[in-house]
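The model shown is predicted, which means the values in this text are computed figures rather than measured ones. Naming convention: chains lettered A, B, ... in sequence-line order (proteins, then strands); numbering from 1 in each chain.
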Number of protein chains: 2
Amino acid sequence: MQSPRSRSAAKKSPPVETADEKKKTLDLSALQQTPGFMIRILQLLNFEAFFRHFQSLGLSPVEYSILMTVRDNEAVTQSELAAVLKMRLPNLVKILSVMEEAGIMKRKRSARDKRAVELSLSAAGQKRADEARRLGETFNEHTLAPLSKPERAAFLQMLTRLVEAYRREFARGENA
Amino acid sequence: MQSPRSRSAAKKSPPVETADEKKKTLDLSALQQTPGFMIRILQLLNFEAFFRHFQSLGLSPVEYSILMTVRDNEAVTQSELAAVLKMRLPNLVKILSVMEEAGIMKRKRSARDKRAVELSLSAAGQKRADEARRLGETFNEHTLAPLSKPERAAFLQMLTRLVEAYRREFARGENA
DNA sequence: TATTGTTATACTCTATAACTATA
DNA sequence: TATAGTTATAGAGTATAACAATA
């Protein structure tokens with residue numbers, strides 16, 4: 001592991017690893033000290049790992065998050081779900097329609113507010129959610145596997161605080 | 001953790017707003033304990049913050065990362081840059097062409113390998129990179145502002161370790 | 001008047017195929 | 001044969017506009 005703050009140290013330094021003239025060592029310190037960049041790269045890599053891990057279910061990240069949210073929140077409305085997932089309603093509606101036609105999702109007009117549509121899982125949907133949940137637990141462990149146990153808790157807790165602080169900063173950018 | 005509603009409802013802050021029956025408290029514990037989901041949300045929020053912060057420069061995240069990498073690595077090739085940014089070469093080439101036509105980026109055939117194209121910044125490009133760098137420093141501080149000083153260092157260090165571990169796991173998914 | 005949902009559509013980003021020129 | 005680059009294009013994800021029904 002290299003030191004976290006090797007600033008402008010390695011410019012054209014000797015190739016530390018295999019000394020191919022092709023594999024020149026790049027100075028990436030600026031990006032490595034840009035949390036936003038590292039978060040983005042980690043997110044891309046994690047998505048790829050997700051698709052491999054859930055390949056047997058043919059599950060996408062967005063479907064996973066939908067299944068988990070509806071499973072834990074019977075009768076959640078489409079708008080509420082869109083806000084949680086940080087998606088635009090029209091884009092979510094399209095996905096939910098596909099899931100409904102696949103016999104996974106159930107839609108019902110709300111009695112309290114006849115504009116709203118309340119979501120719930122069909123029997124097949126609950127089965128799929130259970131399978132997703134089971135695979136999700138091992139996947140979540142894998143995601144933070146390079147960290148020690150206390151580090152994992154600390155990392156997740158900081159993630160949560162960052163997200164909450166950001167969401168407070170501009171309450172759900174979509175309707176401001 | 002099969003306990004469905006033990007976690008978030010209790011531990012999370014009480015109904016911050018007026019507790020209308022509309023603003024029901026959702027159980028989001030499953031997603032909050034999914035690091036990949038939290039990373040994705042954080043990344044989306046951070047991009048929005050980026051665009052606001054760099055509005056005066058009209059700078060996008062990808063252009064920022066290009067400027068920083070080329071600035072610190074004179075004569076980096078397009079392929080190398082694509083690998084660093086985790087982008088496909090054709091998509092990067094298009095962006096670099098725009099930057100070249102804007103007078104920011106310079107391209108030169110490599111002498112060592114006449115297939116490769118080496119990148120460097122024009123005078124205008126260096127000026128833009130300097131401005132981006134200056135704005136970037138305050139932006140990076142803002143990104144981790146909700147954390148304490150030692151937490152910021154720990155968080156960034158863990159981010160780096162996670163990214164490196166993932167990249168090792170499958171050496172650059174594109175050519176495996 | 002504002003909100004929820006729906007449809008249609010445009011825009012952006014990403015992925016792949018086909019080709020060239022070099023290695 | 002494999003790699004770097006280029007072009008074109010397809011595909012996925014995301015955005016806005018317009019509208020109907022309800023609040």
Send over the distance from [X] [atom1] to [N] [atom2], rounded to a whole Å.
X	N	atom1	atom2	result
A:Glu118	D:dT22	CD	P	15 Å
A:Leu92	C:dT6	CG	C1'	12 Å
A:Leu81	C:dT4	CG	P	13 Å
B:Glu48	D:dT14	CD	C1'	12 Å
B:Asn91	C:dT12	CG	C1'	11 Å
B:Lys94	D:dA8	NZ	P	11 Å
B:Ile95	C:dT12	CD1	P	12 Å
A:Met87	D:dT16	CE	P	14 Å

- Task: State, without any angle test, whether A:His142 and B:Glu169 hold a side-chain donor-acceptor pair at a distance under 3.5 Å.
- Result: yes

- Note on the structure: Nearest heavy-atom approach of B:Tyr166 to A:Thr143 is OH-CA, 3.1 Å

- Query: Would you call the rings of B:Phe139 and B:His53 parallel, tilted or perpendicular if under 30° counts as parallel and over 60° as perpendicular?
  - Reply: tilted

- Query: Under 30°, 30 to 60°, or over 60°: which ring-plane class applies to A:Phe51 and A:Phe47, parallel, tilted or perpendicular?
  - Reply: perpendicular

- Salt-bridge contact B:Lys106-B:Glu118 (side-chain N to carboxylate O under 4.0 Å): no

- In plain terms, say whether B:Glu141 and B:Arg152 are close enough for a salt bridge, that is, a side-chain N and a carboxylate O under 4.0 Å apart. no

- Task: Take A:Val62 and A:Leu92 through the test side-chain contact (heavy atoms from CB on, under 4.5 Å) and record every step on the way to the result.
- Result: CA-CA 9 Å; A:Val62 66; A:Leu92 176 60; 5.6 Å; no

- Proximal nucleotide (of D:dT14, C:dT4, C:dA15) relative to the A:Leu89 side chain: C:dT4

- Note on the structure: Taking D:dT7, C:dG5, C:dA15 as options, the one with an atom nearest any side-chain atom of A:Ser79 is C:dG5

- Using a cut-off of strictly less than 4.0 Å, decide whether A:Arg88 has a side-chain nitrogen or oxygen near OP1 or OP2 of C:dT7. no

- Relative to the 5' end of DNA chain D, which residue comes earlier, B:Ala116 or A:Ser110, by the nucleotide with the nearest heavy atom? B:Ala116

- Note on the structure: Heavy-atom nearest nucleotide on DNA chain C taken for B:Phe51 and for A:Ser97; more 5' hit belongs to A:Ser97

- With sugar-phosphate taken as primed atoms, P, OP1 and OP2 and all else as base, the protein-contact string of nucleotides 18-23 of chain C at under 4.0 Å (heavy atoms; B, S, -) is ---BBS

